[in-house]
Amino acid sequence: MIHIIHHTHTWLSKTQIWLYNQIRFLPKNVNSYILCEQTQNLETFPMETIHSKRDWSLLRYNLKRVLKKLGLVDFFSMVFFTPDLPKCNILHSHFGDIGWESLSLVKNRNIKHIVTFYGYDVNMLPKTNFRWRRRYTDLFK
């Protein structure tokens, strides 16, 4: 069995049916888990395993907000705050900025990392905020 964690901002806006179809039509030997900041439209895009910050306790949620404001939050802290997240073979970050946030988990564990860019993360972020050029350089290393 292959276990993949799909990391995205929101699961799932109505304009992202393509992402839902990408995941639900994976082969039967693939178990998919969703890690996201928030959920929307769960009645339209159901998944068995979704881990979102809305499931965290208020204390853990507020601690994550403080860490994020200090620039210290990364994917490792998300996993720390979500202790029931399963072990995986592959981390698939949907969008480049999520891929950068996921770097520490990939560096500290023996898992493969796939990052898929879809639009704003390639065309807008590096042009409007130059720190993303440096961050993407780190990501591509």
Side-chain angles (χ1 to χ4, degrees), residues 2-141:
I2 299 171
H3 301 279
I4 301 176
I5 295 175
H6 298 274
H7 187 194
T8 188
H9 294 285
T10 302
W11 183 266
L12 197 64
S13 72
K14 290 189 176 185
T15 62
Q16 292 182 333
I17 191 169
W18 51 269
L19 180 55
Y20 179 65
N21 287 331
Q22 276 184 22
I23 295 171
R24 79 179 175 134
F25 290 120
L26 286 170
K28 300 236 184 272
N29 68 332
V30 175
N31 283 334
S32 291
Y33 307 92
I34 308 300
L35 178 62
C36 58
E37 290 287 319
Q38 62 183 350
T39 58
Q40 297 175 356
N41 306 306
L42 291 176
E43 65 288 345
T44 306
F45 305 113
M47 290 295 287
E48 286 184 28
T49 52
I50 299 176
H51 300 276
S52 71
K53 75 178 181 187
R54 71 179 175 83
D55 299 326
W56 301 341
S57 71
L58 185 58
L59 175 63
R60 287 191 281 178
Y61 171 68
N62 286 330
L63 182 56
K64 181 181 181 286
R65 285 182 50 206
V66 169
L67 291 173
K68 191 171 190 172
K69 285 185 179 186
L70 293 173
L72 301 174
V73 72
D74 55 22
F75 186 72
F76 179 77
S77 66
M78 290 186 76
V79 172
F80 174 76
F81 293 126
T82 316
D84 58 341
L85 196 65
K87 292 185 179 182
C88 67
N89 309 95
I90 299 170
L91 171 67
H92 187 173
S93 298
H94 295 274
F95 299 98
D97 51 330
I98 292 288
W100 179 79
E101 289 177 12
S102 304
L103 280 177
S104 66
L105 178 65
V106 176
K107 288 178 182 176
N108 296 319
R109 300 191 182 186
N110 187 25
I111 60 173
K112 295 181 181 1
H113 189 203
I114 298 169
V115 181
T116 304
F117 290 76
Y118 296 103
Y120 84 91
D121 47 351
V122 166
N123 296 315
M124 187 188 79
L125 280 181
K127 292 177 183 174
T128 59
N129 189 333
F130 286 101
R131 71 180 174 175
W132 281 105
R133 290 182 186 206
R134 183 179 36 103
R135 288 177 175 179
Y136 284 171
T137 300
D138 293 340
L139 175 63
F140 293 131
K141 285 180 185 174

Which residues pass the side-chain hydrogen bond (donor to acceptor under 3.5 Å, both in side chains) test with [X], not counting sequence neighbours?
{"X": "N21", "result": "R24"}
{"X": "T15", "result": "S13"}
{"X": "R134", "result": "none"}
{"X": "T44", "result": "none"}

Using the side chain to side chain contact (heavy atoms under 4.5 Å, CB included) criterion, which residues pair with [X]? Sequence neighbours excluded.
{"X": "V30", "result": "I2, I4, L26, P27, S32"}
{"X": "K141", "result": "T137, D138"}
{"X": "P126", "result": "R133, Y136"}

To the closest 0.5 Å, what do you measure between [atom1] ([X]) and [atom2] ([Y])?
{"X": "L125", "Y": "D97", "atom1": "CG", "atom2": "CG", "result": "5.5 Å"}
{"X": "I34", "Y": "S52", "atom1": "CD1", "atom2": "OG", "result": "11.0 Å"}
{"X": "R135", "Y": "E101", "atom1": "CZ", "atom2": "CD", "result": "8.0 Å"}
{"X": "W11", "Y": "L35", "atom1": "CH2", "atom2": "CG", "result": "12.0 Å"}
{"X": "Y118", "Y": "N123", "atom1": "OH", "atom2": "CG", "result": "14.5 Å"}
{"X": "T10", "Y": "Q16", "atom1": "OG1", "atom2": "CD", "result": "7.5 Å"}

Evaluate the ring planes of H9 and F95, with Trp represented by its six-membered ring, and classify them as parallel (under 30°), tilted (30 to 60°) or perpendicular (over 60°).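 Rings of H9 and F95: tilted, 30 to 60°.
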Tell me the closest heavy-atom pair linking V115 and G96, and the distance in Å.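 Minimum heavy-atom separation between V115 and G96: CG1-CA, 3.9 Å.
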Between Y33 and H3, which heavy-atom pair has the shortest distance, and what is it?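 Looking at all heavy atoms of both residues, the closest pair is OH-ND1, 3.4 Å.
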Walk me through whether T8 and I98 qualify under side chain to side chain contact (heavy atoms under 4.5 Å, CB included). CA-CA 6 Å; T8 188; I98 292 288; 5.6 Å; no
What I'd like to find out is whether the side chain of M47 reaches to under 4.5 Å of the side chain of I23, using heavy atoms alone.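 Side-chain contact under 4.5 Å: yes.
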pair L103-L139: side-chain heavy atoms closer than 4.5 Å: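 Yes, close enough: below the 4.5 Å cut-off.
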For [X], which residues count as a ring-ring contact (aromatic ring centres under 6.0 Å, His included) partner, sequence neighbours excluded?
{"X": "F140", "answer": "F117"}
{"X": "F45", "answer": "Y20"}
{"X": "H92", "answer": "H6, H94"}

Check the pair I90 / I5 against side chain to side chain contact (heavy atoms under 4.5 Å, CB included), numbers first and verdict last. CA-CA 6 Å; I90 299 170; I5 295 175; over 6 Å; no
Could you walk me through whether L91 and S93 pass the side chain to side chain contact (heavy atoms under 4.5 Å, CB included) check? CA-CA 6 Å; L91 171 67; S93 298; 4.1 Å; yes
Please lay out, stage by stage, how C36 and H7 fare under the test side chain to side chain contact (heavy atoms under 4.5 Å, CB included). CA-CA 6 Å; C36 58; H7 187 194; over 6 Å; no
